[in-house]
Novice: 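Structure provided below as C-alpha cells; questions to follow.
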Protein chains: 4
Amino acid sequence: MKVSSEYMQAKRDQIARAAIEQFSRRGIHLTSMANIIEASELSAGTIYIHFKGKNEIIAYVARTTFSGLFAEVEAAVTTEPPPRPSELIDLITSRIATADIPSGLLIQVWGEAVSNQEVRRAANSVYEQALDTLREYCVAWMLSGEGKGLPTARREAPARAHLMVSLIYAQILQMSLIDGYDTGSLSAELATLLDRS
Amino acid sequence: MKVSSEYMQAKRDQIARAAIEQFSRRGIHLTSMANIIEASELSAGTIYIHFKGKNEIIAYVARTTFSGLFAEVEAAVTTEPPPRPSELIDLITSRIATADIPSGLLIQVWGEAVSNQEVRRAANSVYEQALDTLREYCVAWMLSGEGKGLPTARREAPARAHLMVSLIYAQILQMSLIDGYDTGSLSAELATLLDRS
Amino acid sequence: MKVSSEYMQAKRDQIARAAIEQFSRRGIHLTSMANIIEASELSAGTIYIHFKGKNEIIAYVARTTFSGLFAEVEAAVTTEPPPRPSELIDLITSRIATADIPSGLLIQVWGEAVSNQEVRRAANSVYEQALDTLREYCVAWMLSGEGKGLPTARREAPARAHLMVSLIYAQILQMSLIDGYDTGSLSAELATLLDRS
Amino acid sequence: MKVSSEYMQAKRDQIARAAIEQFSRRGIHLTSMANIIEASELSAGTIYIHFKGKNEIIAYVARTTFSGLFAEVEAAVTTEPPPRPSELIDLITSRIATADIPSGLLIQVWGEAVSNQEVRRAANSVYEQALDTLREYCVAWMLSGEGKGLPTARREAPARAHLMVSLIYAQILQMSLIDGYDTGSLSAELATLLDRS
DNA sequence: GATGAATGAGAATTCATTCAT
DNA sequence: TATGAATGAATTCTCATTCAT
C-alpha cells in the first residue's frame, strides 16, 4: 500500500500535535505513549510506523517548537514598517503567547536539552539562527533608525542582537513560569534602553 | 536508636545531594529511584523513611536549587563595595556557574514547574524574593550611584529590577543551553546600558 | 489484531482459573501477582489488560465462587424428582465438595468479605438469592411433601429456608475446616428433623 | 533487666489486643506490622521481643479468638438453670455478638485456617472441644429435659451436639457476613426442632 | 527489655515497543 | 499501512525484620 509522502507527513503532524498537547499539559516525561496514542486517535502500531519511538517524537516536537519560535522572530523582523527594537521584542513575545505552540513547552524542551543531545543541538541551532537574524535586523535598524554608519553598525550589532535574544528568552521564561506575569511591565523600560532613534 | 533532628536533616541532604547529581547528569525523569539509591549509598527503605516518594525529592531538590539561586543574588547585592548593576549581574552569573548546584538543573526545574504545581509555587516564590531584593538594591544604587532623589528611585526601581532579573535568568538559560556560550559577551553591552553613574 | 469479546472473556476466565487455583493453595493474600502470572501462563502486562489490578481479580474470583455456590443450590432444588430437604442439603454439600471451585476458597472469600466492601456485597447478594430459591423450594415441599396448605406453607417457609441455608453454610464451613470431617454424620439427624413427610 | 512473666504476658496481650483491633478493621493480611506497632503504642523492636514475627501474632490471635468462642460455649452450658438447646444457641450467639473478640475476626481466622497449618490445628482443636462440651450438655439435657435413658442419650447426643455446633457456626457466619442479619429469625424455628422436652 | 532507623528482597503495576492478523 | 493485544523488563514503593544504641 504505497502512499504519498504528503500523507506520511500529515500523519507525523497529527501525532506531533497530539504529543505537543499532551507534553504541555502533563510534562514531557509524564506523558506516556498511551496518552499520545489516545490523543492522536491512532493506534500504537501506527505511531511506530511514523516514528521510531518516543525519543524521536520528543526530538521532532522539540524541533517543531524551536521552528515555531524562530518563525515568530523572522515574522517580526520582516514586519513593515520595521518595528523598533522594543516593539520587536513585544511583537515576538505576544505572538508566542498566542501561538499554537504552548510557551510552557519551550521551557520544558530547554530543560530536556540539558540531558538530550539531539534536542540540545536543535536548541543551539535555532539560537544561532535567531541571533543571526537579529544581527541583520540590528544592522538595518542602526543604519536607518539611529543614523549610524555601516562599520559602526556592524561592530555594535552583535552585542545588541545578543541582548535582544536574551530579553526574548527571558520574556518567554517569565511568561510561562510566573503566575500573573505582565509582559508589558518590561516594555517601557526596554523602549528607553533600546530605541535610541 | 533515637537520633537528633540534625541527623535526620543530614540524611535528607545526603539524599538530595545524590538526587541533584543524578538529575543533572541524566535528567530529572530519566533518573530512577534506583539511581538515587545507588548514588546516595543508602538503601531503598531508608530513602523512603526520609522522603515520601520521588515527587517529594523532586520538590525538595527544586526548592534547594532555587534557594541556591537566591543565595547568590543576595550575596551579590550585599557585596562591599556595592557593585554596579552590570557587575552585579556578572557576579551572580559567575557564581552560579561555579556553584555546587549545577545550572543545568535550574533549567530542568523551570521545565518541571510547568506541570508540577509544587515546584511552580517555589519558582514563583523565589522569583518574587529575588525581585524584591533587586528592587532594594536598585533604589540604593540610584540614590548613591546615580544621584537620583528617593521618589524618583522608588518610581524607577521596579522596572530596573525587573530588567535585571530578566537578564540574570537569560544568562543562566544561555549558559546551560548554548554550547560554548560566552557570558562575558553580554557584559560590556550591559555596562553601557545599566551603569549610568 | 482485533479480537472478539468472547476471546476477551476467555482470557479473563483463564486468569481467574489461575487465581482460583493459587488462592486456594496459598491463601488469597499470600498469593502474589507473580504467582497468578506464572499459573496463568500469561505475562504481567496481559493480566493488567484484562483486570485493573489484584483487587479486581479478587472481586471477580469472589463473584465466581459465589456463583458456583448458588449454581449448586439451584441445580439441587430443580432436581427431579424433588429431593427431600435433608437430601437437598446432602446434594448441595456433596456437589460443592467435588466442584471445580474449591470449598476452601469459599471460606477465604467469606473472610475477605469482612473487610472488602465489594466482596461483601457479592456475599450478601448471593445469600439473598439462595434464601429466595430455598424459600420457594420449601413452599413447594410443604405443599406436596407435607400436605400443608398454601397459607401455612407461605408462613412457615421463610424460617425453614433460613434453617436450610444455615445448615448448608455450616456444612461448607466444617467440610473445609475440620480435618477428617464426615459430612454424612449430620445427614441422619437432619433427615429426622427436616423431612416430615 | 529481669522482669516477671506476668509482665511479659501483659505485653503479649497488649500487642494481641492491638492486632485484634487492626485485623478486624483492615483484614489480617492488609494489616501491616506498622499498623500493629502504632496501635499497640510500642516500638517495632519491642514487638519482636514478645513475638517471633507476624505469623506468631496471627497464630496467637487465632488461638485467642477460638478461646473466646469456646469460653462462651462453656459459659452457656454451665448456666443455671440449664438452658434449653435453643436457648443455649441464642445465648452463645448473643454473647459472641457482644464479646470483645469481634465476630468478623472469627470468619477471617477460619479463612486463614485454610492455608495456615498452625491456625488450622487450633481451629480443629477448639471444634473438638466445643463438640465434646456440647455432647455432655446434650446427654444431660436428654436425661433431665427429655426424660431419656442414659444409653439412649449417649447414642443420640453426638448427632445432636454436631447439629448444635453447626447452628452456632452458621449463626456466627451470618452475623458477621450478612448486613442487617437478624439472629432471632432462626431462634423460633430452632425452639420447635431442638427443645423437645 | 526498649527503641526506631536501617535494610533489601519482594510486591504491584506501568510502559515503550513488537508482531500476528 | 493499520491494528491493538501481548510482552517483560523496569519502576516505584512497601514491609517484615534486624541491630546498634
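Chain letters run A, B, ... following the sequence lines, proteins first, then strands; residues in each count from 1.
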Novice: Looking only at heavy atoms, what is the nearest atom pair of C:Phe66 and C:Val119, with distance?
Specialist: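 Here C:Phe66 and C:Val119 meet closest at CE1-O, 3.9 Å.
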
Novice: With a sphere of 6.0 Å drawn around CD of C:Glu38, does it hold more than 12 non-hydrogen atoms of other residues, nucleotides or ligands?
Specialist: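 Not buried by this count: 12 neighbours or fewer within 6.0 Å.
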
Novice: In this structure, how many angstroms lie between the C1' atom of F:dT1 and the CE atom of A:Met8, rounded?
Specialist: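 Whole-Å distance recorded here is 8 Å.
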
Novice: With a 4.0 Å cut-off on N to O distance, would you call C:Arg120 and D:Asp179 a salt bridge?
Specialist: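 Salt bridge: yes.
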
Novice: Counting only non-hydrogen atoms, which of residues 15-42 of chain D are less than 4.0 Å from DNA chain E?
Specialist: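 DNA chain E contact set from residues 15-42 of chain D: none.
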
Novice: With a 3.5 Å cut-off and sequence neighbours excluded, list the donor-acceptor pairs that the side chains of residues 25-33 of chain B form with protein atoms.
Specialist:
| residue | atom | partner | partner atom | Å |
| --- | --- | --- | --- | --- |
| B:Arg25 | NH2 | B:Glu21 | OE2 | 2.1 |
| B:Arg26 | NE | B:Gln22 | OE1 | 2.6 |
| B:Arg26 | NH2 | B:Gln22 | OE1 | 3.3 |
| B:His29 | NE2 | B:Glu112 | OE1 | 2.8 |
| B:His29 | NE2 | B:Glu112 | OE2 | 3.4 |
| B:Thr31 | OG1 | B:Gln22 | O | 3.2 |
| B:Thr31 | OG1 | B:Gly27 | O | 2.8 |
| B:Ser32 | OG | B:Ala34 | N | 3.3 |
| B:Ser32 | OG | B:Asn35 | N | 3.1 |
| B:Ser32 | OG | B:Asn35 | OD1 | 3.2 |

Novice: Over how many whole Å does the gap from A:Lys54 atom NZ to E:dT14 atom P extend?
Specialist: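 Distance, rounded to whole Å: 15 Å.
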
Novice: Under a 4.5 Å cut-off applied to non-hydrogen side-chain atoms, are A:Leu42 and A:Ile15 in contact?
Specialist: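 Touching, per the 4.5 Å side-chain cut-off.
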
Novice: Main chain of A:Arg121, side chain of A:Ser125: is a donor-acceptor contact present, judged purely on distance under 3.5 Å?
Specialist: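 No, because the side chain of A:Ser125 does not come within donor-acceptor range (under 3.5 Å) of the backbone of A:Arg121.
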
Novice: Looking only at heavy atoms, what is the nearest atom pair of D:Ser176 and D:Ile107, with distance?
Specialist: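 Looking at all heavy atoms of both residues, the shortest contact is CB-CD1, 3.3 Å.
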
Novice: Are any non-hydrogen side-chain atoms of A:Val114 and B:Ser24 less than 4.5 angstrom apart?
Specialist: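 Sidechains of B:Ser24 and A:Val114: no contact.
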
Novice: According to side chain to side chain donor-acceptor pair (under 3.5 Å), does anything in residues 50-59 of chain B pair up with another residue at least two apart or in another chain? List the pairs.
Specialist: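 Matches after skipping sequence neighbours: none remain.
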
Novice: Given atom OH of B:Tyr7 and atom P of F:dT21, what is their separation to the nearest angstrom?
Specialist: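 B:Tyr7 atom OH is separated from F:dT21 atom P by 10 Å.
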
Novice: Do you know the tightest heavy-atom contact between D:Ala16 and D:Val61?
Specialist: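 Result for this residue pair: O-CG2, 4.2 Å.
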
Novice: Reading 5' to 3' and counting Watson-Crick or G-U wobble pairs with both distances under 3.5 Å, write the dot-bracket notation for DNA chain F, | for bases paired outside the strand.
Specialist: .||||||||||||||||||||

Novice: Is the distance from OP1 or OP2 of F:dG4 to the nearest side-chain N or O of A:Ser43 less than 4.0 Å?
Specialist: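 Answer no for this pair, as no side-chain N or O of A:Ser43 is under 4.0 Å from OP1 or OP2.
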
Novice: Provide, to the nearest angstrom, the distance between the CD atom belonging to D:Glu6 and the P atom belonging to E:dG1.
Specialist: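 Atom CD in D:Glu6 sits about 15 Å away from atom P in E:dG1.
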
Novice: Would you please name every residue forming a ring pair (Phe, Tyr, Trp, His ring centres under 6.0 Å) with B:Tyr60, sequence neighbours left out?
Specialist: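 Residues passing ring pair (Phe, Tyr, Trp, His ring centres under 6.0 Å) with B:Tyr60: B:Phe51.
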
Novice: How many whole angstroms separate atom CD1 of A:Ile57 from atom P of E:dC15?
Specialist: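 My rounded result for the distance is 15 Å.
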
Novice: Among residues 45-52 of chain B, which contact DNA chain F at a heavy-atom distance under 4.0 Å?
Specialist: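 Of all residues in residues 45-52 of chain B, the ones placing a heavy atom under 4.0 Å from DNA chain F are B:Gly45, B:Tyr48.
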
